[in-house]
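Please read the structure below before turning to the comments.
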Amino acid sequence: AHAPRIARVAAPPTFAARSGAQQLRATLLASPRTIAPKWLYDARGCVLYEAITELPEYHLPRVERAILGRHQPEMLRLLPHGAELIDIGSGDGLKARRWLDAGIVCRYIGVDIAEDWLSEALRRGQARYPQVQFDGVVTDLNWGLQLPLAREGNRPRIFWYPGSSIGNFEPVAATALLAQMRALMQPGDALVLAVDGPVEPARMVRAYDDAAGVTAAFNLNVLNVVNRELGADFDPAGFRHRAVFNADASRIEMHLVATRAQSVDLGAGRTLSLTAGEHIVTEHSYKHSAERALRLLRDAGFNGVQRFDIEGEAYGVYVAGI
Ligand code: AVI
């Protein structure tokens with residue numbers, strides 16, 4: 001294996017016309033006021049998110065591990081072997097290890113927005129699995145999925161999208177992203193997709209508003225990111241974290257609620273005026289039932305979808321072909 005290669009995807013013209021900062025300023029001034037969830041993941045946000053995944057209230061990773069632990073043998077019979085594993089939103093890359101340990105992967109391609117994190121994960125992965133070739137793609141999935149790295153030796157591909165991250169996209173955008181994965185696939189390739197589903201509202205709200213306040217810190221940290229990106233002057237002490245379940249849309253919403261009336265300098269001569277109690281939306285986390293998840297996959301053009309789950313949980317891991 002050669003040293004990991006990293007390919008960077010450039011913003012497509014529709015996005016390049018407006019910088020990330022301009023986009024962010026515009027969504028803060030729009031109604032509803034919004035900060036796109038990607039801004040949650042600066043270096044501190046990534047550390048806080050990792051801490052969230054260890055929280056007793058945040059059941060998603062535990063349930064996902066239980067499903068994969070129980071059903072991995074059946075999944076391995078459905079998946080191609082000698083494959084390129086495309087790890088979407090790869091982060092620290094640890095979740096991919098079960099497929100590497102199973103010996104079905106010849107090449108690993110991590111896809112993430114955070115280049116520092118990605119290159120570190122590739123370096124660690126390459127050292128641990130010297131027989132596997134590690135490469136990466138730096139891109140923003142909001143631009144749609146592009147893979148500038150060609151298949152090597154026409155190997156089959158497995159797209160691995162764990163963690164229910166698909167739930168952070170609006171359903172139309174989720175379908176579009178899945179359709180783009182589908183478009184990159186050939187017969188014999190597979191998608192393994194994890195999707196959280198709705199459980200009791202109180203349990204869902206606790207998962208996004210934990211007793212130790214880690215999710216609150218994660219949410220409030222986004223204001224520091226915005227301050228850096230825009231040269232803004234948000235005072236995090238003027239906001240509180242809120243998680244609500246929107247039953248009509250079947251999603252958890254994370255809000256930052258202004259605890260007092262305030263004016264925020266957003267840079268570039270723009271000011272955001274907030275009344276006490278007014279909120280900014282920072283994340284939607286859709287909870288897709290089995291029926292809705294299957295519809296997303298079918299709408300994106302997938303076939304032969306198999307769902308894996310465990311008793312008493314609404315979380316699903318889906319294996320799909322084209
Ligand atoms: C990354 N994503 C799937 C998480 C979720 O559950 O929507 C992000 C998160 N937000 C608050 N807690 C976790």
Side-chain angles (χ1 to χ4, degrees), residues 34-65 67-68 87-96 110-114 117-118 121 140-142 160-171 173-174 177-178 192-199 201-223 225 239-246 249-257 279-289 292-293 296 313-318:
T34 306
I35 298 171
K38 67 175 177 187
W39 299 109
L40 291 163
Y41 301 92
D42 70 337
R44 175 147 192 271
C46 288
V47 169
L48 288 166
Y49 175 64
E50 304 259 285
I52 287 173
T53 64
E54 310 278 321
L55 290 170
E57 294 98 330
Y58 192 68
H59 57 280
L60 284 69
R62 224 169 27 253
V63 176
E64 182 176 285
R65 278 197 298 275
I67 295 170
L68 291 165
D87 189 1
I88 312 282
S90 51
D92 58 17
L94 295 181
K95 283 189 190 160
V111 179
D112 208 279
I113 194 169
W117 231 29
L118 179 62
D140 181 342
L141 291 177
N142 294 291
W160 165 233
Y161 198 20
S164 196
S165 296
I166 193 75
N168 295 131
F169 290 89
E170 297 305 309
L177 180 58
L178 293 172
V192 184
L193 175 74
V195 185
D196 194 23
V199 294
R203 184 175 175 218
M204 285 189 282
V205 170
R206 271 200 308 278
Y208 290 83
D209 193 4
D210 60 282
V214 181
T215 310
F218 173 67
N219 195 9
L220 286 159
N221 176 59
V222 82
L223 296 176
V225 177
F239 293 84
R240 70 178 178 84
H241 166 68
R242 177 167 74 195
V244 285
F245 182 61
N246 176 334
S250 193
R251 68 186 183 215
I252 287 282
E253 301 183 10
M254 284 210 311
H255 298 169
L256 288 169
V257 185
H279 73 270
I280 301 169
V281 179
T282 53
E283 183 185 69
H284 287 164
S285 191
Y286 281 86
K287 303 302 165 190
H288 296 296
S289 62
R292 281 180 50 149
L296 282 180
E313 294 290 353
Y315 205 94
V317 179
Y318 301 80

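Computed over heavy atoms, backbone and side chain alike; hydrogens, waters and symmetry mates excluded. Remember, it's 1-based here, ligands and their atoms both numbered in the order they're listed. All of these numbers come straight from a predicted model, not from anything done at the bench.
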Query raised in the report: Does a side-chain N-to-carboxylate-O contact under 4.0 Å join Glu313 and Arg203?
Result: yes

Report summary line: Only one of Leu55, Asp209, Leu220 passes side-chain contact (heavy atoms from CB on, under 4.5 Å) with Thr215, and that residue is Leu55

Query raised in the report: So, Tyr208 versus Glu57: side-chain donor-acceptor pair below 3.5 Å or not?
Result: no

Please give the N or O to N or O pairs under 3.5 Å between ligand 1 and the protein, distances rounded to 0.1 Å.
unit_1	atom_1	unit_2	atom_2	d
ligand 1	2 (N)	Asn168	OD1	2.8
ligand 1	6 (O)	Tyr58	OH	2.5
ligand 1	6 (O)	Tyr208	OH	2.5
ligand 1	7 (O)	Asn168	ND2	2.9
ligand 1	7 (O)	Ser285	OG	2.7
ligand 1	10 (N)	Glu283	OE1	2.8
ligand 1	10 (N)	Glu283	OE2	3.2

**Report entry** Val214 vs Leu48 side-chain heavy atoms within contact, under 4.5 Å
**Finding:** yes

Report summary line: CG of Leu177 to CZ of Phe169, rounded to nearest 0.5 Å, is 5.0 Å

Query - Nearest heavy atoms of Gly163 and Ala194, plus distance in Å - result: N-CB, 3.8 Å

